[in-house]
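Here is the structure we will look at, set down as structure tokens.
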Amino acid sequence: MYNQVRVRIAPSPSGYLHVGTARIAVCNWLFARHNQGKFILRIEDTDITRSDPRMVEVILESLKWLGLDWDEGPYYQSQRMELYKRYAQVLLEKNKAYYCYCTPETLKRKREEAAQKKINWVYDRTCLKLSEQEKAELESKNTPKAMRIFIPEGETSFYDIVYKDLKKENKELDDFVILRSDFRPTYNFAVVVDDLDMRITHVIRGNDHLANTFKQVLLYRALDEMMPAFAHLPLNLAMDRQKISKRKGAVAITDYRDAGYLPEVMVNFLAISGWSPKDEREIMSREELVQSYSLEGVSQANPIFDMQKLEWMNGEYIRAYDNERLVDEVIPFLIRENLMIPETVKDTRGWLLKYVVLFKERAKTLKEFAEKGKYLFAFDYQYDPKAVSKTFNSAEVADRLGQFVEKISVLDEFKKDKIEETLRKTADDLKIEPAPLIHAVRLATTGVAGGPPLFDILELLGKEEVEKRIKKAVEFIKAERKGYS
RNA sequence: GUCCCCAUCGUCUAGCCCGGUCUAGGACACCGCCCUUUCACGGCGGCAACACGAGUUCGAAUCUCGUUGGGGACGCCA
């Protein structure tokens with residue numbers, strides 16, 4: 001049916017790359033790759049007042065981060081004005097469009113009046129009824145004019161791959177503007193012209209465009225052109241079933257990057273949101289997604305963007321990640337949290353590798369690597385009050401810690417096996433179980449009650465640091481005890 | 001106000017098109033148990049849904065209609 005599948009993503013640069021837009025991009029990209037087709041990037045910047053070149057940069061950067069490489073573009077609608085004018089001219093000559101001299105103010109007034117009377121507003125065709133004389137007069141006065149499409153009677157229908165047969169009475173639609181008085185095209189017109197010009201075979205977009213599609217179908221018919229296939233994807237909603245907005249958490253794809261989500265997770269998650277493969281797999285590599293993606297598995301109901309599931313998936317990916325690559329991903333977060341400076345990265349890489357291995361099954365986001373193990377980088381950690389009352393609860397604890405420090409101070413090899421041996425020996429000498437001593441040492445050296453196996457942590461800290469930290473804890477406990485008596 | 005779309009566990013979903021195999025399957029979250037120095041990971045188990053009402057049929061989550069609920073669109077925005 002098609003020589004080659006050609007799809008596009010058409011963001012408008014009025015903001016960052018919204019997760020919703022990103023999901024549409026993912027679906028288009030997967031569809032293109034699955035069919036060995038082309039993925040085209042088009043920037044819809046006809047609204048000059050709301051377009052910002054810097055936003056284009058953010059959008060391109062976001063797409064690159066997600067790994068959604070495009071084959072053509074970015075094309076800019078703002079650079080294609082002549083094309084739209086040419087197509088508009090065709091419609092005018094075919095008598096499928098006409099000029100409208102109504103002022104925006106008049107239209108606004110009429111619309112408001114209709115709203116007040118609670119009746120549905122469609123353009124009343126004032127300017128279609130103009131006589132040649134009236135038109136000539138308006139022209140002589142250089143009255144600004146927009147161009148409207150003429151909507152014939154009848155009904156408009158099309159087939160949507162997701163929503164199947166759709167139709168609408170034309171009388172519900174009005175003769176909408178296609179060219180503004182400054183000759184810039186409106187959204188619906190520019191989209192049709194561009195999709196035609198770029199030989200787009202499948203228009204894959206959010207179902208918020210369903211209503212627009214009827215207008216666009218009318219445009220294809222007026223132009224006597226072949227239509228692409230349409231597939232409207234259900235819209236992601238926030239937890240409260242409303243549109244995802246700034247107030248309800250992260251909206252920009254870059255927010256997720258900064259929060260420590262992996263790009264492959266975002267692609268995976270966005271792909272299975274509103275779509276599922278036949279075999280119910282959820283964790284899928286890029287290759288697997290490309291292999292099994294199809295528009296047939298897209299659901300019709302709007303899914304809610306489940307942050308908890310996203311987190312879970314990110315954790316799954318982190319655990320399965322290659323350690324060396326994980327170090328690369330984690331470093332920027334450590335730097336951003338001021339836990340290290342770029343200059344020392346090279347020398348500490350071996351150490352970082354061990355660090356990352358210890359925390360990879362405990363971190364759900366990259367950012368958590370810089371949070372959960374903070375104490376390994378800074379000496380000024382605080383003791384968790386709850387753990388203090390549970391573990392640092394007697395003067396004896398200070399003595400035990402003191403004994404342990406003495407025993408490790410003579411170790412010449414500070415490796416985890418040796419440390420563990422020493423600790424168990426210390427507990428034995430003290431005639432206590434190892435567990436309470438382990439807990440005390442952990443709290444003393446890390447400030448918290450939980451975390452990776454203690455002896456790995458101690459080895460990573462190094463002998464000198466461990467001694468320093470335990471001595472500090474001993475002082476802390478003594479001071480604390482004094483306060484009670 | 002008008003039009004369009006949607007409806008299975010709290011959430012994402014499988015099943016629906018081609019009615020019986022569905023005492024409705026999986027995943028996230030939650031709860032319990034096991035593993036364990038802790039926290040996690042992992043393993044095992046549990047809780048939990050066909051929105052409602054009619055109709056068609058021997059039989060409906062599956063087909064039809066209605067009700068309710070939710071979403072979206074109605075700009076010289078995109």
Side-chain angles (χ1 to χ4, degrees), chain A residues 10-14 44-47 49-51 77 100 102-104 107-108 111 114-122 144-148 160 162-164 166-169 171-174 176-188 190-191 206-215 232 234-235 237 239 241-243 269 272-276 278-283 297 299-313 315 319 359-364 372 387 391 420 423-424 433-439 441-443 446 448-455:
Chain A
S12 64
S14 51
E44 310 217 320
D45 58 349
T46 55
D47 185 352
T49 57
R50 295 209 299 182
S51 296
Q77 288 189 324
C100 172
C102 298
T103 64
L107 294 169
K108 194 181 170 211
R111 219 182 332 262
Q116 216 148 59
K117 287 184 210 154
K118 298 199 170 182
I119 52 172
N120 193 31
W121 158 262
V122 289
K145 58 181 190 243
M147 194 188 291
R148 287 180 184 273
D160 186 275
V162 176
Y163 290 97
K164 310 304 169 194
L166 264 15
K167 71 168 177 225
K168 190 171 208 160
E169 298 287 335
K171 62 171 183 254
E172 300 292 341
L173 274 359
D174 72 350
F176 59 92
V177 171
I178 56 173
L179 267 197
R180 290 177 253 243
S181 47
D182 62 1
F183 305 110
R184 283 157 47 230
T186 57
Y187 166 76
N188 281 301
V191 165
N207 68 12
D208 50 336
H209 285 288
L210 235 23
N212 284 323
T213 305
F214 290 101
K215 295 181 180 181
H232 288 86
L235 228 51
L237 304 177
M239 258 333 195
R241 296 204 172 273
Q242 306 287 307
K243 254 186 163 177
F269 186 74
I272 64 159
S273 148
W275 171 79
S276 66
K278 291 182 184 68
D279 49 21
E280 298 191 51
R281 270 175 301 167
E282 295 193 309
I283 305 274
S299 68
Q300 298 174 317
N302 294 338
I304 285 168
F305 191 88
D306 188 347
M307 287 294 294
Q308 279 187 320
K309 193 147 184 173
L310 209 218
E311 249 189 19
W312 160 77
M313 187 179 278
R319 265 167 259 137
F359 282 90
K360 74 186 290 192
E361 60 188 32
R362 271 160 265 262
K364 284 191 162 65
K372 299 207 160 175
T391 308
E420 178 163 6
L423 185 135
R424 289 187 188 279
E433 289 295 312
L437 187 56
I438 288 174
H439 294 149
V441 173
R442 179 186 291 283
L443 182 58
T446 69
V448 290
L454 179 67
F455 305 109

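These values consider heavy atoms only, across backbone and side chains, with no hydrogens, waters or symmetry-generated copies. So that the names make sense, note that chain A is the first sequence line, chain B the second, and so on, each numbered from 1.
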Taking only N and O in the side chain of [X], is any of them less than 4.0 Å away from OP1 or OP2 of [N]?
X	N	answer
A:Arg362	B:rC41	no
A:Thr186	B:rG75	no
A:Thr103	B:rC76	no
A:Arg148	B:rG75	no
A:Arg319	B:rG42	yes
A:Ser276	B:rA14	yes

Nearest to the side chain of [X], heavy atoms from C-beta on, is which of [options]?
X	options	answer
A:Pro453	B:rU2, B:rU37, B:rU11	B:rU37
A:Lys309	B:rU38, B:rA78, B:rG26	B:rG26
A:Lys168	B:rC12, B:rA78, B:rC3	B:rC3
A:Arg424	B:rG1, B:rU37, B:rC76	B:rU37
A:Asn120	B:rA14, B:rG1, B:rC5	B:rG1
A:Asp208	B:rC39, B:rA73, B:rA14	B:rA73
A:Val177	B:rC5, B:rC76, B:rA78	B:rC76
A:Glu361	B:rC41, B:rU37, B:rC74	B:rC41
A:Trp312	B:rC74, B:rC76, B:rA29	B:rA29
A:Tyr163	B:rC12, B:rC5, B:rA78	B:rC5

Taking all atoms of both residues into account, what is the closest heavy-atom pair of [X] and [Y], and its distance?
X	Y	result
A:Pro13	A:Glu44	CD-O, 3.4 Å
A:His232	A:Asn207	CB-CA, 3.9 Å
A:Leu423	A:Pro434	CD2-O, 4.2 Å
A:Ile438	A:Leu454	O-CD2, 3.6 Å
A:Val448	A:Arg442	O-CG, 3.6 Å

Classify [X] by what it touches in the nucleic acid, base, sugar-phosphate, or nothing, heavy-atom distance under 4.0 Å.
X	answer
A:Lys118	sugar-phosphate
A:Asn302	sugar-phosphate
A:Gly274	sugar-phosphate
A:Pro434	nothing
A:Ala301	sugar-phosphate
A:Leu454	base
A:Glu280	base
A:Leu310	nothing
A:Asp174	nothing
A:Gln308	sugar-phosphate

If pairing means Watson-Crick or G-U wobble with both distances under 3.5 Å, then the partner of B:rG19 is none
Could you state the [atom1]-[atom2] distance from [X] to [N], rounded to the nearest angstrom?
X	N	atom1	atom2	answer
A:Leu173	B:rC3	CG	C1'	9 Å
A:Leu443	B:rC39	CG	C1'	14 Å
A:Gln300	B:rU8	CD	P	11 Å
A:Leu107	B:rC76	CG	P	6 Å
A:Ile304	B:rU8	CD1	P	10 Å

Between A:Ile438 and A:Ser12, whichever has its closest RNA chain B nucleotide further toward 5' is A:Ile438
5'-most contact on RNA chain B (nearest-nucleotide basis), A:Phe305 vs A:Cys100, goes to A:Phe305
*Show your working on side-chain contact (heavy atoms from CB on, under 4.5 Å) between A:Asn188 and A:Phe214 and close with a plain yes or no.*
CA-CA 10 Å; A:Asn188 281 301; A:Phe214 290 101; over 6 Å; no
Legend entry - Distance-only donor-acceptor test, A:Asn212 side-chain atoms vs B:rA78 base atoms, 3.5 Å: yes
Distance between C1' atoms of B:rG43 and B:rU21 (Å, rounded)
31 Å
Measure the shortest side-chain to side-chain distance between A:Val177 and A:Cys100 over non-hydrogen atoms and say whether it is less than 4.5 angstrom. no
Note to self: Using the rule given for side-chain contact (heavy atoms from CB on, under 4.5 Å), can you reason through A:Lys215 versus A:Tyr187, listing the C-alpha separation, both sets of side-chain angles and the distance that settles it, and then say yes or no?
What the structure shows: CA-CA 11 Å; A:Lys215 295 181 180 181; A:Tyr187 166 76; over 6 Å; no
